[in-house]
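I have placed the structure first, in the form of structure tokens, so that the comments after it can refer back to it.
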Amino acid sequence: MKYLSLIPFLALILLISICVSVFGTNALDGATQVSLLLASAICILVGWLMKRVTWDKLEAEVMSKITSCMPSIIILLLIGAIGGTWMISGIVPTMIFYGVQVLRPELFLASSSLFCALVSVMVGSSWTTVATIGVALMGIGRALGFDDGWIAGSIITGAYFGDKLSPLSDTTVLASSVSGTPLFTHIRYMMRTTIPTFCVSLLVFLVAGLLIHVEGSGDLSFLRELRDTFFISPWMLLVPVATGIMIARRWPAMVVLFMAAFMAALVAAVCQPELVAQIAGGSDDGLLASYKGVMKVIYAPTRLQTGSPMLDELVHTGGMAGMMPTVWLIICAQVFGGAVTATGVLQDLMGMLLHFVRSTVSLVASTALTGIFCNIALADQFLSIILTSSVFQQSYRDRGLESRLLSRTCEDGATVTSVLVPWNTCGMVQSTVLGVATLTYLPYCFFNLLSPVGSVIAAALLQRREKKKS
């Protein structure tokens, strides 16, 4: 009877596969959301037939899941505001203008990954890293002629490496706390799998940069167009510096993002008055035009007519409105997560999985696969970490294994793979912010793909050492 618990997940996989094949990269515009709701309905039907779950319990669990993701939704909207204000104010164009001249094309992929890693370690947030430095690097990479998948893959690889090892990261703190592992013990133990997989990823990006022929690397005429369109000055970098200071002082994420958008909006009104007037429609003058233009930059999609198609596409922003399909997707994903939790379908599958555990390697592999599966089923990395840790904690204790092995495996399986799932909150956010479909950058996120494998290899080496001792 428990095998019926597979029905909702098989239905979701089938529905999502049909959506991707029919709608392609436009699947997230609505078809995926409807698929999640249909899979939720199937799950609820299975729950009623199998366990007679009441509607009140289902509704309470779904509402709890949606409520828990509200901070992420607010942060997502603020990131949309940053995307618009940092672009139109000239902050991102300034970073692109100087970055293109400094970064060598053949070293760009490895350099961008390493740079994002350093920033993410310092700020403790992959979301913040991607929304600020990542957006600028996307522009630089496109200007140099690299494919979107390679650029986004290098950015995400670096951002999630730093997020995973930073003591300021919420996922790092969560994984260590729910498994009962001291924070720095958890971080030191993670280095044994995280650093090797990241080094392999950097090597791949370095080789790729040397081998890939980029057509744009020798044609940087757009720099003149960029300077003609925007007021470019090193003073523009004061806003990113101020943002970094706020992050270093550990201000709340919402406060930092709001202040970053607010400062950029002021810079746009003062330094880019002609662009702001163009966005306002050109019908008003003075303060009224500035107010109208800045407000539209914050909440609405904006397109500038620069005379250069490449530059027009480069500086296009979505604002808060551009984040609404993602918000819709997050809510639908949480509905499905609430349904599989309330009906007990997810718990049944986890219990089935434990029957296959026979050794340390199989236990670690099962833990990593569970983290990946939870990212697909629950669409949230925090829930994936919590559930994976709670399911396997007793098994690790029974085998005499240290809690740090559990916490590390949870991160290797749940934290870094969340960005690879199109309907997961991380996958949706990063895809929206970078303007690259999840399935487009997925093959190039080498660190994220290798981390679960590295965890299993490390477990195999550990098991081998244990056998030698015995």
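Computed over heavy atoms, backbone and side chain alike; hydrogens, waters and symmetry mates excluded. The model shown is predicted, which means the values in this text are computed figures rather than measured ones.
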How long is the span from the OG1 atom in T94 to the CG atom in L238, to the nearest 0.5 Å?
10.5 Å
Answer yes or no: is there a side-chain heavy-atom contact under 4.5 Å between V130 and V135?
no
When the ring centroid of F446 is compared with that of F205, is the distance short of 6.0 Å?
yes
Determine whether R408 and R192 make a side-chain contact, defined as any pair of heavy atoms from C-beta on separated by less than 4.5 Å.
yes
I298 and T85, any side-chain heavy atoms less than 4.5 Å apart
yes
Are S418 and Y160 close enough that some pair of their side-chain heavy atoms sits under 4.5 Å apart?
yes
State whether a side-chain donor-acceptor pair under 3.5 Å links T415 with K164.
no
Pair S407, H186: side-chain N/O donor-acceptor within cut-off below 3.5 Å:
yes
Could you measure the distance from the SG atom of C410 to the CE atom of M190? Nearest 0.5 Å is fine.
11.0 Å
Whether over 12 other heavy atoms sit under 6.0 Å from M63 CE
no
For S112 against L137, the heavy-atom pair lying closest together
CB-CD1, 3.7 Å
F115 CZ: over 12 foreign heavy atoms closer than 6.0 Å
no
Quick one: are T193 and S451 in side-chain contact, heavy atoms under 4.5 Å?
no
Between N448 and Y441, is there a side-chain heavy-atom distance shorter than 4.5 Å?
no
